[in-house]
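What's counted below: heavy atoms across the whole structure, side chains too, no hydrogens, waters or symmetry copies. Fair warning: this is a prediction, and the values are worked out from it, not measured in the lab.
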Amino acid sequence: MAKRIYLCLAHMSGQEMKYIQEAFDTNWVVPLGPNVNAFEEDLKQFVSPDHEVVALSAGTAAVHLALIGCGVQPGDEVIVQSFTFCASSHPVTYLGATPVFVDSEKDSWNMDPDLLEEAIKDRMAKTGKKPKAIIPVALYGMPYQCDKIMAISRKYDIPVIEDAAEGLGSRWNGQVLGSFGKYGVLSFNGNKMITTSGGGALVCENPQDKQTIMWYATQARDSYPYYQHTAIGYNYRMSNVCAGIGRGQMTVLDEHIHHHQHIAKMYEEGFKNMPGISFHKNPDEKCDSNYWLNTITLDPDLKIKGQELAYKQVIQGAVGGAAGVTHVVDSPITDCQPNDNVEALRMYLDKKDIESRPLWKPMHKQPVYQNNPAYVNGVSEALFKVGMCLPSGPCVTDEEVQYIIDSVKEAILS
């Protein structure tokens with residue numbers, strides 16, 4: 001191919017500059033303004049007209065504020081899906097609370113409801129109090145078992161914070177994710193279904209919750225003619241400029257979702273008869289994934305060209321779309337890593353100018369959380385060893401998908 005194929009790049013609709021220019025023309029370039037209000041209303045209408053939405057600086061900020069909204073304090077415990085990105089769990093630690101990790105069920109790869117209930121019972125027995133919140137995650141856009149998780153939430157009166165950062169537009173039984181729990185987390189990072197360059201949003205059940213979240217997001221200022229604070233607040237509001245990008249992106253959200261789903265069908269068909277490769281798809285009719293990232297698993301016995309070179313050198317920098325600075329390590333291996341054939345396929349595709357990456361490493365296997373309570377069944381660790389993500393964004397063409405499928409086939413040793 002003539003250009004490198006990335007996992008998921010932002011694609012501008014052409015409308016973004018209109019709203020950005022309006023922000024400059026009216027001098028509204030601060031974390032409030034007409035674009036923010038309009039973007040929040042657009043999101044509200046898309047997710048659920050019965051809810052409210054607060055636009056924020058990041059999905060991570062949304063998780064943080066949702067935890068505050070649930071009353072999480074130092075010494076509390078919060079149940080978090082282990083198979084996820086660290087932004088689902090790190091904000092729990094910001095508040096001095098403890099993430100309690102729960103493993104996945106094998107069909108959706110998301111939080112196992114049976115294990116969730118077991119964890120709740122055990123934490124109550126051991127600590128004498130209930131966890132303060134439950135955070136299921138729409139991994140790669142795949143819906144979690146909303147019916148069962150929400151039933152457990154009601155049974156034990158523990159609020160749910162839906163981490164739908166990867167699941168904008170995904171549906172469970174026809175209902176958009178983010179509208180089931182007390183709060184719903186959305187992300188508009190540069191690699192998500194739509195982007196505001198960076199940013200996120202929090203879906204709230206009612207206007208009162210929205211007002212509380214907005215207060216905390218704007219430094220928790222009291223209503224005096226001077227600055228007085230009776231609580232610790234945060235600088236988490238989205239700027240009017242970024243919200244302008246979001247407004248433009250909302251005009252192509254449905255188009256982006258349909259494109260990701262179209263690519264998923266191409267991958268599914270392309271890998272259908274390829275020995276040793278399995279495509280992860282909706283497990284049943286209730287699941288309607290946006291297929292933010294399309295994923296495959298490799299049979300452990302599958303042999304890949306160059307497999308003997310896997311994990312022989314320390315990686316320089318980040319792999320698979322991770323932005324920013326990484327911590328230099330002195331060994332190419334850890335005690336929990338993908339199989340050699342997964343790493344070999346990643347390296348092979350990289351040489352073909354195709355960006356890919358392993359699945360998220362489970363949080364209960366992260367060194368920073370090695371002492372945290374975890375309720376595991378082996379599912380996420382097993383998937384992490386055999387799975388990888390393939391390019392899925394709105395910029396990926398049908399021709400490029402076929403090139404990726406052919407490259408995977410080419411990499412397999414017969």
If you take all heavy atoms of [X] and [Y], which pair is closest and at what distance?
X	Y	answer
E308	K312	O-CE, 3.1 Å
A133	V78	O-CG1, 3.5 Å
Q307	A344	CA-CB, 3.5 Å
K132	C70	CE-O, 3.9 Å

Test your reading of the model: is there a side-chain donor-acceptor pair from [X] to the backbone of [Y], 3.5 Å cut-off?
X	Y	answer
Y311	P338	yes
Q219	Y216	no
T84	V137	no
Q15	G248	no
Q21	K18	no
Q249	T195	yes
N294	C389	no
S170	G141	yes
W292	N191	yes
H64	P91	no

Using a strict cut-off of less than 4.0 Å between a Lys/Arg side-chain nitrogen and an Asp/Glu carboxylate oxygen, indicate whether E410 and K305 qualify as a salt bridge. no

So does E269 pair up with K272, basic N to acidic O under 4.0 Å?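 K272 and E269: salt-bridged.
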
Q) Taking the inter-plane angle between the rings of Y94 and H90 on a 0 to 90° scale, is it parallel (under 30°), tilted (30 to 60°) or perpendicular (over 60°)? A) tilted

Determine, step by step, whether Y144 and Q81 satisfy the side chain to side chain donor-acceptor pair (under 3.5 Å) criterion, reporting the C-alpha distance in whole Å, the side-chain angles of both residues, the deciding distance to 0.1 Å, and the verdict. CA-CA 10 Å; Y144 24 82; Q81 182 170 311; over 6 Å; no

E255: partners by salt bridge (Lys or Arg N to Asp or Glu O under 4.0 Å), with sequence neighbours left out: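 In terms of salt bridge (Lys or Arg N to Asp or Glu O under 4.0 Å), with neighbours along the sequence ignored, E255 is linked to no residue.
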
Would you list the atom pairs, donor with acceptor, under 3.5 Å between side chains in residues 274-281 and any protein atom, with sequence neighbours excluded?
{"residue": "H280", "atom": "NE2", "partner": "D107", "partner atom": "O", "Å": "2.9"}
{"residue": "H280", "atom": "NE2", "partner": "W109", "partner atom": "NE1", "Å": "3.3"}
{"residue": "K281", "atom": "NZ", "partner": "E268", "partner atom": "OE2", "Å": "3.2"}

Original post:
Going through the checks in order, is the salt bridge (Lys or Arg N to Asp or Glu O under 4.0 Å) test met by D122 and K126?
Top reply: CA-CA 6 Å; D122 192 56; K126 288 179 176 175; 3.0 Å; yes

Quiz item: How far apart are the C-alpha atoms of D114 and K148, what are their side-chain angles, what is the distance that settles it, and do they pass the salt bridge (Lys or Arg N to Asp or Glu O under 4.0 Å) test?
Solution: CA-CA 9 Å; D114 294 333; K148 292 182 179 180; 5.8 Å; no

Determine, stepwise, if the pair E16 / R247 fulfils salt bridge (Lys or Arg N to Asp or Glu O under 4.0 Å). CA-CA 7 Å; E16 293 83 2; R247 290 184 69 186; over 6 Å; no

**Prompt:** Does the side chain of E41 pick up a donor-acceptor pair with the side chain of Q45 at under 3.5 Å?
**Reply:**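 There is such a pair between these side chains.
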
Note to self: Taking the ring centre of each residue, are F39 and F188 less than 6.0 Å apart?
What the structure shows: yes

Q: Measure from the ring center of Y369 to the ring center of F101 and say whether it is less than 6.0 Å.
A: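 Centroid distance Y369-F101: below 6.0 Å, so yes.
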
CD on E400 to CE on M266, rounded to 0.5 Å: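 That separation rounds to 10.5 Å.
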
### Task
Begin with the C-alpha distance, continue with both residues' side-chain angles, and end with the deciding distance and a verdict on ring pair (Phe, Tyr, Trp, His ring centres under 6.0 Å) for Y291 and H262.
CA-CA 9 Å; Y291 289 103; H262 165 70; over 10 Å; no

Practice task
Before giving the answer on side chain to side chain contact (heavy atoms under 4.5 Å, CB included), spell out for K361 and T334 the whole-Å C-alpha distance, their side-chain angles and the decisive distance to 0.1 Å.
Solution key: CA-CA 11 Å; K361 183 170 183 174; T334 68; 3.4 Å; yes

* Asked: Side chains of N240 and L32: closer than 4.5 Å at any heavy-atom pair?
  -> no

Over 12 non-hydrogen atoms of neighbours within 6.0 angstrom of CD in Q313: no

Requested in this report: Could you go through the side chain to side chain contact (heavy atoms under 4.5 Å, CB included) check for H11 and H256 one step at a time?
Outcome: CA-CA 9 Å; H11 180 265; H256 284 190; 4.0 Å; yes

Worksheet item: Can you check salt bridge (Lys or Arg N to Asp or Glu O under 4.0 Å) on D209 and K182, steps first, answer last?
Response: CA-CA 9 Å; D209 286 346; K182 181 174 178 60; 3.3 Å; yes

